[in-house]
Amino acid sequence: MAELDSISDAAQEEAARPPKDAFGLALWLLNSLGTLMIAAMMVLIVSDVIGRSFFNAPLNGVAEISSMLIVVIVFLQLPAAIHWQRMTRADMFLNRLAARSPRAGQALEAVFAGIGVFVFLVIFRATLPQFTDAWEQNEFFGVQGVWTLPTWPIRLAILVGCAGAALASLVQVAMGLKRAFAGTPA
């Protein structure tokens with residue numbers, strides 16, 4: 001059991017260090033920014049609860065800001081989750097297939113990653129005009145006169161996250177195809 005704990009500790013230490021390659025470092029930085037936003041959202045929510053409970057003075061817009069932050073956090077952390085294969089999935093079928101035919105398992109992994117590239121490019125393409133409109137029209141959300149925030153940073157985070165996720169998925173496609181056709185183990 002101690003051996004498993006040391007493996008887990010070593011893996012956690014490795015994951016905490018910034019990668020040496022530029023692409024991995026960029027994804028690590030996006031992931032770290034998302035983590036900082038989680039901390040900021042927690043501070044915002046706790047401040048609202050304390051203000052509401054003890055001073056009868058809630059903060060305006062906490063629910064709306066938190067809902068937007070969740071979107072930003074997801075899109076900033078998604079590319080790193082794809083790149084380091086940390087996406088949650090049910091892989092009973094894939095594990096069985098890979099055990100019987102590693103090449104077929106890798107090829108199927110490449111197909112799934114290819115679908116991911118397509119999906120993220122579709123989201124990117126759909127969000128780009130919304131970002132442009134939000135930037136040009138100075139679009140805000142909130143209650144005018146009480147609090148407002150611009151929407152373009154949220155749309156920019158979606159664009160950056162989709163671009164990173166598409167690139168990370170493309171890397172997964174290349175690695176999966178290389179393993180499938182070269183017979184390299186997973």
Side-chain angles (χ1 to χ4, degrees), residues 12 15-19 21-53 57-91 109-173 175:
Q12 288 177 359
R17 278 189 232 115
D21 63 304
F23 182 61
L25 181 62
L27 297 185
W28 186 83
L29 289 171
L30 286 176
N31 192 40
S32 298
L33 182 59
T35 301
L36 290 174
M37 288 187 169
I38 291 171
M41 186 171 64
M42 289 171 43
V43 168
L44 181 67
I45 291 170
V46 169
S47 298
D48 181 50
V49 169
I50 290 171
R52 184 179 305 269
S53 299
L59 299 176
N60 291 325
V62 170
E64 293 84 358
I65 293 168
S66 296
S67 67
M68 294 297 177
L69 277 177
I70 289 171
V71 172
V72 170
I73 291 164
V74 166
F75 278 96
L76 289 179
Q77 293 189 328
L78 187 61
I82 292 169
H83 185 66
W84 285 291
Q85 298 178 345
R86 300 287 188 218
M87 293 290 291
T88 302
R89 65 185 188 172
D91 54 3
E109 287 276 1
V111 168
F112 288 154
I115 293 169
V117 171
F118 174 75
V119 168
F120 294 122
L121 289 177
V122 167
I123 296 171
F124 184 93
R125 188 169 180 212
T127 305
L128 188 57
Q130 294 175 358
F131 168 75
T132 306
D133 289 345
W135 178 271
E136 291 172 352
Q137 297 173 9
N138 205 17
E139 182 181 292
F140 286 84
F141 75 97
V143 179
Q144 195 161 355
V146 180
W147 68 272
T148 57
L149 291 173
T151 59
W152 70 263
I154 296 156
R155 305 215 192 275
L156 179 62
I158 294 170
L159 289 173
V160 169
C162 282
L167 288 173
S169 295
L170 194 59
V171 168
Q172 295 297 319
V173 168
M175 289 173 45

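All heavy atoms count here, side chains included; hydrogens, waters and symmetry mates do not.
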Can you see which heavy atom on [X] is nearest to which on [Y], and at what distance?
X: Gly161; Y: Pro79; value: O-CG, 3.4 Å
X: His83; Y: Gly24; value: NE2-CA, 4.4 Å
X: Ile154; Y: Pro150; value: CD1-O, 4.3 Å
X: Phe23; Y: Gly164; value: CZ-O, 4.2 Å
X: Ala168; Y: Leu27; value: CB-CD1, 4.3 Å
X: Ala126; Y: Pro129; value: O-CD, 3.6 Å

Sorted by chain and residue number, the side-chain hydrogen bond (donor to acceptor under 3.5 Å, both in side chains) partners of Thr127 (sequence neighbours excluded) come out as none

side-chain hydrogen bond (donor to acceptor under 3.5 Å, both in side chains) partners of Gln77, counting only residues at least two apart = Asn31, Thr35

Ignoring hydrogens and angles, tell me if any N or O in the side chain of Ser66 forms a donor-acceptor pair with the backbone of Val62 under 3.5 Å.
-> yes

Would a distance-only check, ignoring hydrogens and angles, find a side-chain to backbone donor-acceptor pair under 3.5 Å from Glu64 to Gly142?
-> no

Do [X] and [Y] have side chains that approach each other closer than 4.5 Å (heavy atoms only, starting at C-beta)?
X: Val46; Y: Ile50; answer: yes
X: Phe141; Y: Thr148; answer: no
X: Pro19; Y: Trp84; answer: yes
X: Leu159; Y: Phe75; answer: no
X: Ile158; Y: Phe124; answer: no

What distance separates [X] [atom1] from [Y] [atom2], expressed to the nearest 0.5 Å?
X: Phe131; Y: Thr151; atom1: CZ; atom2: OG1; result: 9.5 Å
X: Ile115; Y: Ser169; atom1: CD1; atom2: OG; result: 10.5 Å
X: Ile73; Y: Ile38; atom1: CD1; atom2: CD1; result: 5.0 Å
X: Met41; Y: Met68; atom1: CE; atom2: CE; result: 13.5 Å
X: Leu128; Y: Ile123; atom1: CG; atom2: CD1; result: 13.5 Å
X: Leu121; Y: Leu167; atom1: CG; atom2: CG; result: 8.5 Å

Pair listing, side chain to side chain donor-acceptor pair (under 3.5 Å) test, anchored in residues 155-165, at least two apart | Gln130-Arg155, Glu139-Arg155

Can you sort out the partners of Val143 under side chain to side chain contact (heavy atoms under 4.5 Å, CB included), two or more places apart, ordered by chain and number?
-> Val146, Trp147

All salt bridge (Lys or Arg N to Asp or Glu O under 4.0 Å) counterparts of Arg52, not counting sequence neighbours = Asp48

Has Phe118 got more than 12 heavy atoms of other residues, nucleotides or ligands less than 6.0 Å from its CZ?
-> no

Mind checking ring pair (Phe, Tyr, Trp, His ring centres under 6.0 Å) for Phe112 and listing every partner two or more places apart, or none if nothing turns up?
-> none

Would Leu29 and Leu25 count as a side-chain contact (heavy atoms from CB on, under 4.5 Å) if you check the C-alpha gap in whole Å, the side-chain angles of each, and the deciding distance to 0.1 Å?
-> CA-CA 6 Å; Leu29 289 171; Leu25 181 62; 4.2 Å; yes

